Amino acid sequence: MKHLLTLTIIVCSMSAVLTAQSYRKNTTPEYIDQYKDLAVKEMKRVGIPASITMAQGILESGNGNSTLARKSNNHFGIKCHSDWKGKRVYHDDDAKGECFRKYKSVYESYIDHSEFLVNKKRYASLFELKITDYKSWAKGLKKAGYATDPKYAHRLIDIIEKNKLYLLDEDKYWKKPTSNSGDDNFVITTYNTHVVDYNNGIKYIRVEEGDSFESVSEEFGLRPWELYHYNDLPKSANMQEQRYIYIQGKKGKAHKKHVYHVVKDGEDLHYISQKYGVKMSKLRKFNRLSDTDKIKRGDKLNLRKKKK
């Protein structure tokens with residue numbers, strides 16, 4: 001019995017060693033190739049630079065090799081916080097046994113990373129930056145307290161520049177060349193047909209003949225309902241009746257240069273909402289308007305804060 005017990009221990013130990021050896025760690029290029037499309041998709045959906053998302057994923061998950069990433073699909077080191085209702089796991093981090101979020105899939109982690117930044121007030125100023133200004137985004141994340149590492153911004157910038165992740169922010173994908181030259185550099189291919197412009201830091205496109213909510217959603221990796229939501233439009237809306245369409249959610253207030261707007265003939269609340277890139281719900285709140293209240297010529301509407 002003693003020999004049998006010893007043999008069992010040896011077999012179990014060998015099994016553990018073989019299991020550990022069978023796991024091959026991802027390299028940075030492999031991580032980029034595997035998840036770049038998720039980062040680009042989230043950039044188009046909410047406006048976080050894909051370079052920043054990828055750099056954070058690389059840094060926080062160790063190229064997807066960390067225990068938290070492999071066992072809980074948490075690629076951004078996001079802790080539970082009081083508003084988290086999902087599954088939880090516990091790891092030692094800044095303190096022992098800290099609570100971290102657990103996800104069903106990596107994509108769910110990427111989506112939650114976007115929502116985490118979008119919904120936290122301390123990150124709001126980041127969305128006023130240009131999507132190509134990855135350096136200011138990195139510094140802003142550190143300043144807002146995303147990580148305690150004093151060199152966090154520097155580390156993100158270094159990852160972005162070393163791997164040319166800034167190319168992802170230009171609505172382009174990275175893919176490996178098909179030649180057998182052995183060159184590991186990435187080449188660019190463009191998929192979008194519309195020119196993307198910015199208003200109030202939000203991406204929009206000018207509507208072209210033949211555009212529909214379905215075709216634009218497919219082009220930018222969105223779901224049709226998102227375009228209706230982003231533009232405060234009913235599902236019965238006809239895209240051809242719109243001059244331009246936002247492909248990201250509008251902001252909670254106008255740019256600081258636009259404090260108020262005096263209503264002119266023919267303007268309604270939706271027109272003003274689109275003009276300044278501000279959600280209609282926020283305009284109603286700022287100006288104490290109900291869903292049925294109408295605006296008229298000469299009305300002075302607040303665009304950034306509630307009327308006293």
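Predicted model, so just to flag it, every value in this text is computed and none were measured.
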ask   = Is a side-chain donor or acceptor of Asp133 paired with a backbone partner of Lys130 at a separation under 3.5 angstrom?
value = no
query = Do side-chain atoms of Asn199 reach the backbone of Ile202 as a donor and acceptor pair under 3.5 angstrom?
reply = no
query = Among all residues two or more places apart in sequence or in another chain, which pass the side chain to side chain contact (heavy atoms under 4.5 Å, CB included) test with Ser105?
reply = Tyr107, Glu108
message = Are Trp137 and Phe127, when compared by the centres of their aromatic rings, separated by less than 6.0 Å?
response = yes
ask   = Considering residues at least two apart in sequence or located in another chain, which fulfil the side chain to side chain contact (heavy atoms under 4.5 Å, CB included) criterion with Arg45?
value = Glu42, Ile111, Ser114, Glu115, Leu222, Arg223, Glu226, Tyr230
request  = Verify, without hydrogens or angle tests, whether Ser61 (side chain) and Ala69 (backbone) share a donor-acceptor contact under 3.5 angstrom.
outcome  = no
query = With sequence neighbours left out, what residues match Asn63 under side chain to side chain contact (heavy atoms under 4.5 Å, CB included)?
reply = Asn26, Thr28, Tyr31, Ile58, Asn65
inquiry  = I'd like to know if the side chain of Asn200 reaches the main chain of Gly277, judged simply by a donor and an acceptor atom lying under 3.5 Å from each other, with no hydrogens or angles considered.
reply    = yes
request  = Establish, yes or no, whether a centroid distance under 6.0 Å links the rings of Tyr110 and Phe76.
outcome  = yes
task = List for me each residue that meets side chain to side chain contact (heavy atoms under 4.5 Å, CB included) alongside Lys102, sequence neighbours excluded, and say none if there are none.
result = Ser72, Lys87, Val89
task = Verify, without hydrogens or angle tests, whether Thr53 (side chain) and Ala39 (backbone) share a donor-acceptor contact under 3.5 angstrom.
result = no
key: Residues Arg288 and Asp293 bridged, charged N to O under 4.0 Å   = no
ask   = Between the side chain of Lys36 and the main-chain N/O of Asp33, is any donor-acceptor distance below 3.5 Å?
value = yes
ask   = Aromatic ring centroids of Tyr204 and Tyr198 under 6.0 Å?
value = no
Close aromatic pair by centroid cut-off 6.0 Å: His75 and Tyr103 = no
ask   = Is Ile245 reachable from Val278 through a run of I, L, V, M, F, W or Y residues, each pair having side-chain heavy atoms under 4.5 Å apart?
value = no
inquiry  = Looking only at the aromatic ring of each residue, does the gap between the centers of Tyr276 and His255 stay below 6.0 angstrom?
reply    = no
query = Which pairs pass salt bridge (Lys or Arg N to Asp or Glu O under 4.0 Å) with one or both residues in residues 143-159, sequence neighbours excluded?
reply = Asp149-Arg155
side-chain contact (heavy atoms from CB on, under 4.5 Å) evaluation trace for Ile205 with Tyr244 = CA-CA 6 Å; Ile205 61 165; Tyr244 50 86; over 6 Å; no
query = Quick check: does any side chain N or O of Glu267 sit under 3.5 Å from a backbone N or O of Lys264, one acting as donor and the other as acceptor?
reply = yes
query = Can Asp112 and Arg101 be counted as an ion pair, charged N to O under 4.0 angstrom?
reply = yes
ask   = Side chain of Asp169, backbone of Ser51: donor and acceptor closer than 3.5 Å?
value = yes
request  = Keeping the roles fixed (side chain from Asp299, backbone from Lys296), state whether a donor-acceptor pair exists under 3.5 Å.
outcome  = yes
message = Show me the pairs that pass ring pair (Phe, Tyr, Trp, His ring centres under 6.0 Å) and involve residues 278-301, at least two apart or across chains.
response = none
